[in-house]
Amino acid sequence: MNYFLVKTEPNVFSIDDLKKKKSEPWDGVRNYQARNIMRDHMKPGDRVLFYHSNACPPGIAGICTVASAPYPDPTQFDNKSRYFDPKSSVDNPKWILVDVAFERKFKRLIPLDELKQYPELAKMRLLQRGNRLSVMPVEKSEFKFIETLVHG
DNA sequence: GCCAACGTTGGC
DNA sequence: GCCAACGTTGGC
């Protein structure tokens with residue numbers, strides 16, 4: 001079992017949207033590091049912190065799980081999509097994603113400001129200065145610590 | 001809306 | 001392969 005974090009802007013796709021849809025292809029990721037993490041490291045059943053970025057306040061909203069093997073992001077082939085990539089092809093797709101499934105919404109959102117206060121989380125990639133990665137690994141100990149912050 | 005950080009692009 | 005220009009992310 002591995003642990004991760006994904007970022008999303010809640011006005012685009014929130015934890016409530018995921019709850020309604022139950023499962024969702026994590027499309028639109030156009031960063032090689034983030035792609036490699038989905039392609040090479042995520043396995044069905046892995047658990048993923050669901051982070052709301054560009055929100056008031058930004059923070060962790062809940063947990064989802066990896067719900068598929070990696071496969072090509074369909075939006076890269078769709079010239080009507082904002083994620084269309086003319087340099088990619090069906091034969092040699094550039095962008096790979098996984099589906100994520102809703103697990104739970106936290107009873108309270110854990111704000112970024114609060115996360116920064118815990119020494120236990122000081123090494124989280126999310127909290128490193130200038131970090132822009134939208135899909136990243138999380139240590140098991142960090143994940144478990146965050147779960148203890150929300151009861152229910 | 002600002003801007004720091006940093007990834008990508010493209011000319012050379 | 002260097003690096004300046006440009007675009008994007010995301011907190012504030």
Where the side chain of A:R132 is concerned, which of B:dT9, C:dT9, B:dA4 is the nearest nucleotide? C:dT9
Give a yes/no answer on whether the side chain of A:Y51 brings an N or O atom under 4.0 Å of OP1 or OP2 in C:dT9. no
Rounded to whole Å, how long is the line connecting atom CD of A:Q33 with atom C1' of B:dT8? 13 Å
A:K123: partners by salt bridge (Lys or Arg N to Asp or Glu O under 4.0 Å), with sequence neighbours left out: none
CG of A:L109 versus P of C:dG11: gap in Å, rounded? 11 Å
Rounded to the nearest Å, what distance is computed from the CG atom of residue A:L126 to the P atom of nucleotide C:dG11? 8 Å
What do you reckon, are the aromatic ring centroids of A:Y32 and A:W95 less than 6.0 Å apart? yes
Distance check needed: B:dT8 P versus A:D85 CG, whole Å only. 12 Å
Please check the phosphate of C:dT9 (OP1 and OP2 only) for any side-chain N or O of A:K7 closer than 4.0 Å. no
5'-most contact on DNA chain B (nearest-nucleotide basis), A:N54 vs A:N131, goes to A:N54
Using whole Å, what does the distance between atom P of nucleotide B:dC6 and atom CG of A:L133 come to? 12 Å
In whole angstrom, give the distance that lies between atom CZ of A:R35 and atom C1' of B:dG7. 14 Å
Has the side chain of A:R30 got a donor or acceptor that lies under 3.5 Å from a partner of the other kind on the base of C:dT8? no
A:K116 NZ - C:dG10 P separation (whole Å): 14 Å
Checking A:D91 against A:S89 for the side chain to side chain donor-acceptor pair (under 3.5 Å) test, could you report, in this order, the C-alpha distance in whole Å, the side-chain angles of both residues, the deciding distance, and whether it holds? CA-CA 5 Å; A:D91 291 340; A:S89 68; 5.4 Å; no
From the candidates C:dG10, B:dT8, C:dG11, the one with an atom nearest any side-chain atom of A:Y32 is B:dT8
Are A:E120 and A:E139 side-chain neighbours, meaning at least one heavy-atom pair lies under 4.5 Å? no
Is there side-chain contact between A:E142 and A:Y3, with at least one heavy-atom pair below 4.5 Å? no
To the nearest angstrom, the CG-P distance between A:N31 and C:dG7 comes to 18 Å
Counting side-chain heavy atoms from C-beta on, which of B:dC6, C:dG11, B:dG10 comes nearest to A:S53? C:dG11
